[in-house]
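Every heavy atom of this structure was used, including side-chain atoms; hydrogens, water molecules and symmetry mates were not. Throughout, a chain's letter reflects where its sequence line sits, starting with A, and its residues are numbered from 1.
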There are 2 protein chains.
Amino acid sequence: MRKDALHNRERLLEAARQLFADRGLEVPLEEIARRAEVSIGTLYNRFPSRDDLVEAVFADRVAAVRELAERSLAADDPWEGFVAFLTGVCELQSVDLGYNDLAVRSMGADTREGDALMRRIVARAQEAGMLRLDVTLEDMAFVIWGVAGTVRATFRTVPGAWRRHLALTLDGLRAGAAHPLPVPPMTTTQTEKALGGCDQGASAQGTRGRQRGG
Amino acid sequence: MRKDALHNRERLLEAARQLFADRGLEVPLEEIARRAEVSIGTLYNRFPSRDDLVEAVFADRVAAVRELAERSLAADDPWEGFVAFLTGVCELQSVDLGYNDLAVRSMGADTREGDALMRRIVARAQEAGMLRLDVTLEDMAFVIWGVAGTVRATFRTVPGAWRRHLALTLDGLRAGAAHPLPVPPMTTTQTEKALGGCDQGASAQGTRGRQRGG
DNA sequence: TCTCAACTTGAGGAGGCCCTCAACTTATGG
DNA sequence: CCATAAGTTGAGGGCCTCCTCAAGTTGAGA
């Protein structure tokens, strides 16, 4: 890859990082190109689809979450580890509207191993008697989706509010708080579908989500 | 108002009701007009701005929430009342993506009296020793924002999932679940600002939210 | 029936965003 | 320095949504 091309790639990523961070994943690509001082054509050269760009921009976060998961799993206190993990993910959400959007449709990690790690974090906290036994990994989606909503609402006005939301949520997840739940947990498949279905931007807006044209 | 005009108004409201319900508040107005079999011009005649239409469509829900609040306040068991209220609002959210969007930016009621009623519901549950004392009405926004996220994600795939989310959340709100919270509650002003800030559609999408042109 | 205010219509301008591609520029190895 | 593959550019077509307004239609009272 030519040096100038690499340079432009870098500028594009940096521009995208900034714009995604404070406007969410749906900023116009043309605006990203403009901020990178590069033509829109170049952007499409480097990143044929929006998802390619998103993936490149957030690759580091995915890795970070993975590490976070490993650290959390290694924590002395299983509950502390569990809390640290969720707090860490939410912290990332709270600081970057783009990642916030992304988390909503991937539950933070997305990868096979990430999934396995999280499952172990949950299991360990349960075995320690701290996390209620009637929840599953799938229930963690509620935490992410929930905090995502609060982050969207309070991002600019009350930046710390999500911590309170999370704390309340965690109090509901403690073993001692357990009261019978009205419906069974989502299955893995259901969760995957739900995550996948969040694609075309938060609420609805018709068919705006484009496909790659073959 | 002429009879045919009234008729068209009805058709528009019905079309909007349906489309808002399964696509959210951001469906194209032209699509609403089309479904109502009425020209776009007529839509603008009756409802100069999208908000006018939204308000008309959801007027009944606002009233319903008000009644719900009154009933909840009158319940024998203060905690049951509290739960009934939140469940009722979430039920409305879960059944209509439009109302789900609306709740995110109004916390269900919006009105002065609604606010006062909710405050009493909260206070009563606290006085009964069931609702933790360190939460305030403002914290109820977390419930709405949270469930809204789950509804958006699971609306089509796992329609009942929100009940589980809500149940977990409620378990965190019980007096017995209380653990120290990391940050103070949002102030009324902050909450208002946060609600107001959710206007231009869930995540970010730039400046798409139009203003009325004076 | 006649009148006219009330109402409806839908083409079309304005503005966005997406994506492509033919023409141009430039880094790089020889 | 040259050749050329790699890369850049940005106008422009396609599609969408918003909103307006001049021209046409119609309900309802006189």
Side-chain angles (χ1 to χ4, degrees), chain A residues 1-16 19-20 23-56 98 101 199-214, chain B residues 1-16 19-20 23-56 98 101 199-214:
Chain A
M1 185 185 252
R2 254 165 59 169
K3 181 174 66 181
D4 56 338
L6 207 81
H7 178 243
N8 282 338
R9 199 187 121 93
E10 238 37 75
R11 295 186 51 95
L12 281 167
L13 285 175
E14 181 53 27
L19 285 169
F20 284 157
R23 306 258 301 277
L25 290 184
E26 300 199 337
V27 275
L29 296 177
E30 314 215 81
E31 205 170 332
I32 295 176
R34 206 177 319 136
R35 170 168 309 204
E37 291 177 290
V38 138
S39 97
I40 181 66
T42 297
L43 187 156
Y44 277 98
N45 262 1
R46 287 305 134 221
F47 306 100
S49 81
R50 183 185 222 93
D51 278 352
D52 293 324
L53 181 55
V54 168
E55 203 176 321
D101 287 354
D199 276 13
Q200 77 266 66
S203 86
Q205 36 199 285
T207 324
R208 224 186 262 116
R210 261 77 167 190
Q211 304 296 328
R212 286 253 231 154
Chain B
M1 185 186 253
R2 255 166 59 173
K3 180 174 65 178
D4 57 338
L6 207 81
H7 177 244
N8 282 336
R9 198 186 121 94
E10 238 37 73
R11 293 186 53 93
L12 281 167
L13 285 175
E14 181 53 27
L19 285 169
F20 284 158
R23 307 258 300 275
L25 290 184
E26 300 199 336
V27 276
L29 295 176
E30 313 215 83
E31 205 170 331
I32 295 177
R34 206 177 317 136
R35 169 170 308 206
E37 293 177 287
V38 138
S39 96
I40 181 65
T42 297
L43 188 156
Y44 277 99
N45 261 2
R46 287 306 134 222
F47 306 100
S49 82
R50 183 184 224 93
D51 278 354
D52 293 324
L53 181 54
V54 168
E55 202 175 322
D101 286 354
D199 276 12
Q200 75 266 65
S203 87
Q205 36 198 288
T207 323
R208 223 186 262 117
R210 261 76 167 193
Q211 304 297 325
R212 286 254 233 153

**Asked** Nearest heavy-atom pair of Leu43(B) and Val38(B): which atoms, and what distance?
**Response**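 Heavy atoms only, the tightest pair is N-CG1, 4.3 Å.
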**Asked** Looking only at heavy atoms, what is the nearest atom pair of Ile32(A) and Leu53(A), with distance?
**Response**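 Heavy-atom minimum between the residues: CD1-CD2, 3.9 Å.
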Tell me: [atom1] of [X] to [atom2] of [N], nearest whole Å?
| X | N | atom1 | atom2 | answer |
| --- | --- | --- | --- | --- |
| Asp51(B) | dC19(D) | CG | P | 10 Å |
| Ile40(B) | dC16(D) | CD1 | C1' | 13 Å |
| Asn45(A) | dG10(D) | CG | C1' | 13 Å |
| Asp52(A) | dC19(C) | CG | C1' | 14 Å |
| Glu26(A) | dC16(D) | CD | C1' | 15 Å |
| Leu25(B) | dC18(D) | CG | P | 13 Å |
| Phe47(A) | dC18(C) | CZ | P | 15 Å |
| Leu6(B) | dC7(C) | CG | P | 10 Å |

For a 4.5 angstrom cut-off between non-hydrogen side-chain atoms, does [X] reach [Y]?
| X | Y | answer |
| --- | --- | --- |
| Arg9(A) | Phe47(A) | yes |
| Leu6(B) | Lys3(B) | no |
| Asp101(B) | Phe20(B) | no |

**Request:** Any salt bridge (Lys or Arg N to Asp or Glu O under 4.0 Å) involving residues 35-47 of chain A? Give me the pairs, sequence neighbours left out, ordered by first then second residue.
**Result:**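 Matches after skipping sequence neighbours: Arg11(A)-Glu37(A).
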**Asked** Counting side-chain heavy atoms from CB outward, which of dT8(D), dA6(D), dA5(C) is closest to Asp4(A)?
**Response**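 The closest nucleotide is dT8(D).
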**Prompt:** So which nucleotide from dG10(C), dC18(D), dA28(D) ends up closest to the side chain of Lys3(B)?
**Reply:**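 Nearest listed nucleotide: dA28(D).
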Ignoring backbone atoms, test whether [X] places a side-chain nitrogen or oxygen under 4.0 Å from the OP1 or OP2 oxygen of [N].
| X | N | value |
| --- | --- | --- |
| Arg50(B) | dT17(D) | no |
| Arg46(A) | dT8(D) | yes |
| Thr42(B) | dT9(C) | yes |
| Asn8(B) | dC7(C) | no |

**Asked** Quick one: on DNA chain D, does Tyr44(B) or Met1(B) contact a more 5' nucleotide (nearest heavy atom)?
**Response**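 Nearest nucleotide further toward 5': that of Tyr44(B).
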**Asked** Do Ser49(B) and Asp52(B) meet the criterion of a side-chain donor-acceptor pair at a distance under 3.5 Å?
**Response**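 Result is yes, a qualifying pair exists.
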**Message:** Is it the case that dT26(C) (base atoms only) and Arg2(A) (side chain only) share a donor and an acceptor within less than 3.5 Å, ignoring hydrogens and angles?
**Reply:**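 Between dT26(C) and Arg2(A), which were checked side chain against base, a qualifying N/O pair under 3.5 Å is present.
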**Prompt:** Hey, can you pull the residues of residues 30-39 of chain A with a non-hydrogen atom under 4.0 angstrom from DNA chain D?
**Reply:**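 Under 4.0 Å from DNA chain D: Val38(A), Ser39(A).
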